[in-house]
Amino acid sequence: MRCNKCGGRPVYFQRYSGQKFCETHFKDYFEYKFRRTIKKYRMLERDEKIAVALSGGKDSITALYLLNKIGERMGISLYAIAVDEGIKGYREKTLKNAEKFCKKYNIPLHILSFREYFGKTLDEMQRESMGCYNCGVLRRRLLNDKSRELGASKLATGHNLDDEVQTIMMNYIRGDLERLIRLHKSVDHEKFVKRIKPLSELPEKEVAVYATLQGFNAPLEECPYSANSFREDIKKIIYFLENENPGIKYSILRGYQKLQPYLENYSLREIMNCKICGNPSSSEMCKACQLEMYM
Amino acid sequence: MEVSVKIRREEKSVILDEGSTINDLLKKLGINRETVLIRRNGKLCIEEEVLNDRDSVEIIPAISGG
């Protein structure tokens with residue numbers, strides 16, 4: 001049981017390919033795959049301003065670290081944006097990690113809080129049955145607005161392969177073609193900052209291995225509200241399938257990509273301007289403004 | 001043989017048959033290997049490694065929530 005490249009002590013066994021990697025060759029592989037994903041989907045251009053959504057967890061820290069590494073050669077300016085939803089005992093730790101990381105690599109960090117922008121913390125909202133979906137709506141609103149304010153042409157997130165595959169399966173099950181298409185077809189609106197997901201072809205376990213080998217020390221605590229979501233149920237099913245059939249997550253992603261040309265003719269709902277904030281919306285008022293009305 | 005297992009803040013001893021691998025340990029504990037990383041005696045390792053008596057195994061959740 002040795003590294004397939006050099007015969008060294010393996011730290012990771014990639015079951016879907018049968019390859020074992022030592023520390024050095026795993027890092028090389030991971031960084032190559034990161035760069036290849038960026039190139040494949042043409043995520044970056046020279047001299048761009050890129051905002052990075054930073055939670056301080058392993059995924060967003062890894063994405064920021066590698067964008068910073070690649071970006072230097074491409075003249076890219078990076079800005080990290082963190083959202084403090086106000087989740088006691090959870091977010092403080094990840095935000096502390098985010099601050100420490102940005103200080104070390106000299107990356108400007110902007111922290112926006114739910115309390116400051118919406119008048120309440122997520123803990124307070126949860127008492128009114130807020131739910132994961134609505135938290136995501138508000139978080140995306142802050143990230144989009146701040147990215148635009150900073151003049152960023154794109155907003156990078158730490159979404160990994162597992163996140164992508166979970167979203168695909170959730171939308172298949174719900175029959176939500178609109179959201180399924182929006183996964184690969186960005187909203188075209190002057191107030192919408194295009195998203196890029198440079199980790200989207202890397203499994204979450206590989207991101208965790210990379211982050212551990214790099215010593216990022218990202219906190220492992222889970223969001224206390226995530227356990228009850230539909231996504232959590234889907235996760236369990238996908239991990240069961242992956243364990244029984246290594247590589248199934250890639251199969252789900254490739255299957256979705258094969259479907260994309262057939263979804264081209266589907267007429268998406270018209271994108272309107274929210275009558276309150278002017279952000280893109282599928283109805284007269286965007287979801288974030290609707291939520292704000294009930295707070 | 002007996003190995004010491006740490007999962008988050010919880011520590012316990014687990015009795016295994018001689019020649020058991022980390023994968024056998026995970027199966028015994030009902031943990032899906034796709035969701036964790038393993039440190040054996042402080043070093044990141046693969047689940048196919050054979051355990052020795054008195055090994056210390058840390059099971060680190062690799063999958064985040066939220």
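Keep in mind that the numbers below use all heavy atoms, side chains included, and drop hydrogens, waters and symmetry copies. Numbers restart at 1 for each chain; the letters A, B, ... are given by sequence-line order, proteins then strands.
Within the 4.5 angstrom heavy-atom criterion, atoms from both the backbone and the side chain of B:E49 approach chain A. With a threshold of 4.5 angstrom between heavy atoms, A:R9 approaches chain B through side-chain atoms but not through N, CA, C or O. The contact between A:Y12 and chain B is made entirely by backbone atoms, counting heavy-atom distances below 4.5 Å.
Atom CG of A:D176 has more than 12 neighbouring heavy atoms from other residues, nucleotides or ligands inside a 6.0 Å radius. Within a 6.0 Å radius of CG in B:D53, more than 12 heavy atoms belonging to other residues, nucleotides or ligands are found.
Between the side chains of A:Y16 and A:E242, no donor-acceptor pair of N or O atoms lies under 3.5 Å.
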Which donor-acceptor pairs under 3.5 Å do the side chains of residues 54-65 of chain A make with protein atoms, sequence neighbours left out?
from	atom 1	to	atom 2	distance (Å)
A:S55	OG	A:G57	N	3.1
A:S55	OG	A:S60	OG	3.2
A:K58	NZ	A:E204	OE2	2.7
A:K58	NZ	B:A62	O	3.3
A:D59	OD1	A:N160	ND2	3.1
A:S60	OG	A:S55	N	3.0
A:S60	OG	A:G56	N	3.3
A:T62	OG1	A:K58	O	2.6

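Ring pair A:F114/A:F118 is perpendicular by interplanar angle, where above 60° counts as perpendicular and below 30° as parallel.
Taking B:K43, B:R8, B:R33 one by one and counting their heavy-atom pairs under 4.5 Å with chain A, the maximum is reached by B:R33. The candidate with the highest count of non-hydrogen atom pairs below 4.5 Å against chain B, out of A:D163, A:T212, A:V207, is A:T212.
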